[in-house]
Student: 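The structure follows.
Both backbone and side-chain heavy atoms feed into the values below; hydrogens, waters and symmetry mates do not. Since the structure is predicted, the reported quantities are computational estimates derived from the model, not experimental observations. Read the numbers this way: they start at 1 and go in the same order the structure lists the ligands and their atoms.
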Amino acid sequence: VTEIGGYFELELNPGNQEYHSTLYRFKSGRASLNFILHQTKPTKVYVPFYACDALLEPFIVNNIQIQFYAVDAKLEIVCMPSIKDDELIVYVNYFDLKRDYVASLSNIYKGKLVVDCTQAYFQKGNEVSWFFNSCRKFFGVADGSDLYVPKEVNLGREYEKLLENTNFIVDHLLLRSSGQTQHGYKHFKKNETLNNSDLLKMSKFSSTLLSQVNFKGVTNRRKLNFNFMHYALGSTNMFPVHNYAAAVPFFYPYYPNIPIQKEVFWKNNIFIPSLWSDCINRKHKQEFDWERTLSRDLLPLPIDHRYDAADMERIVNCVRSY
Ligand SMILES: Cc1ncc(COP(=O)(O)O)c(C=O)c1O
């Protein structure tokens with residue numbers, strides 16, 4: 001029974017902004033993927049080498065064989081594998097710039113395709129393939145992932161049995177919102193370690209926060225910032241940025257012809273992540289030189305909805321000063 005009286009909880013009221021229409025909401029991208037593996041029980045899964053080690057965790061946990069594949073300059077599969085009945089293939093909608101390509105893969109692989117939308121929160125499922133995202137990569141929430149399933153799949157009973165995630169911390173969210181970014185970083189890292197493949201539903205805390213997001217405002221701002229960057233840097237960008245009208249981007253992927261050290265940005269209080277140092281360090285008998293080069297030299301420039309044109313200009317000036 002719930003307690004009556006005593007001290008107050010955080011004042012969180014459910015809003016009415018639901019962007020995603022799926023019934024299935026898990027603790028993390030890995031938890032969604034873990035659930036897919038439990039349902040489909042594949043013997044082998046094809047996975048892009050150009051991804052982080054976190055993506056591999058559910059395969060390790062379930063002892064499922066993986067085979068890495070290579071991507072080309074457009075981040076499309078170099079050699080399309082033929083997928084057997086008991087196999088799956090994962091493709092990442094990189095930077096949310098690969099929607100058309102995802103549609104063509106879905107036509108080919110149908111229910112054998114799992115689309116990793118951790119860089120494409122705003123992509124919805126198509127009822128043919130599996131799609132999952134990761135909410136905390138786009139918003140100030142502690143956990144969460146939406147899973148869309150193929151039309152013929154009904155996870156209802158299996159899903160209802162699961163508990164909600166309660167194993168998360170929010171200190172980093174509170175500290176960053178009061179401007180204590182450096183102080184909050186260690187809490188952010190701690191919360192990252194708590195986000196794993198455990199089969200749990202998204203926390204009530206994160207789903208309530210998400211119901212208050214102004215998704216239209218977020219979308220507009222991200223698109224404006226992305227366009228600003230592309231206008232300013234597109235002519236010196238070696239990464240092919242095309243067909244992005246439908247995208248609600250994650251970062252602006254900037255691949256300069258002369259590599260720029262990320263420290264240059266850090267000195268100016270601009271934090272550019274590495275996508276993905278795991279690729280550089282991963283030991284593997286095949287070389288995957290292209291993926292390692294991209295991981296080292298491609299700069300994911302922040303364009304999210306917290307920022308405006310003046311912030312974009314600061315980033316562009318930093319690039320130009322190099
Ligand atoms: C490409 C990719 N896929 C999947 C994941 C896993 O998402 P989550 O951390 O929500 O489990 C990550 C996260 O780091 C990722 O970068």
Student: Quick one, list the residues around ligand 1 where some non-hydrogen atom comes in under 4.0 Å, by chain and residue number.
Tutor: Ser28, Gly29, Arg30, Cys52, Ala54, Leu55, Asp116, Thr118, Ser134, Arg136, Lys137, Trp276
Student: Of Thr40, Val115, Val90, Asp116, which is the lone residue that meets side chain to side chain contact (heavy atoms under 4.5 Å, CB included) with Trp130?
Tutor: Thr40
Student: Who are the ring pair (Phe, Tyr, Trp, His ring centres under 6.0 Å) partners of Phe226, not counting sequence neighbours?
Tutor: Tyr244, Tyr252
Student: Once side-chain hydrogen bond (donor to acceptor under 3.5 Å, both in side chains) is applied, what residue pairs with a partner in residues 69-81 remain, sequence neighbours excluded?
Tutor: Glu76-Lys98
Student: In plain terms, say whether Lys201 and Glu160 are close enough for a salt bridge, that is, a side-chain N and a carboxylate O under 4.0 Å apart.
Tutor: yes
Student: Minimum heavy-atom separation for Phe215 and Glu18, please, with both atom names.
Tutor: CE1-C, 4.5 Å
Student: For Ser203, what residues pass the side chain to side chain donor-acceptor pair (under 3.5 Å) criterion, not counting sequence neighbours?
Tutor: Asp143, Ser206
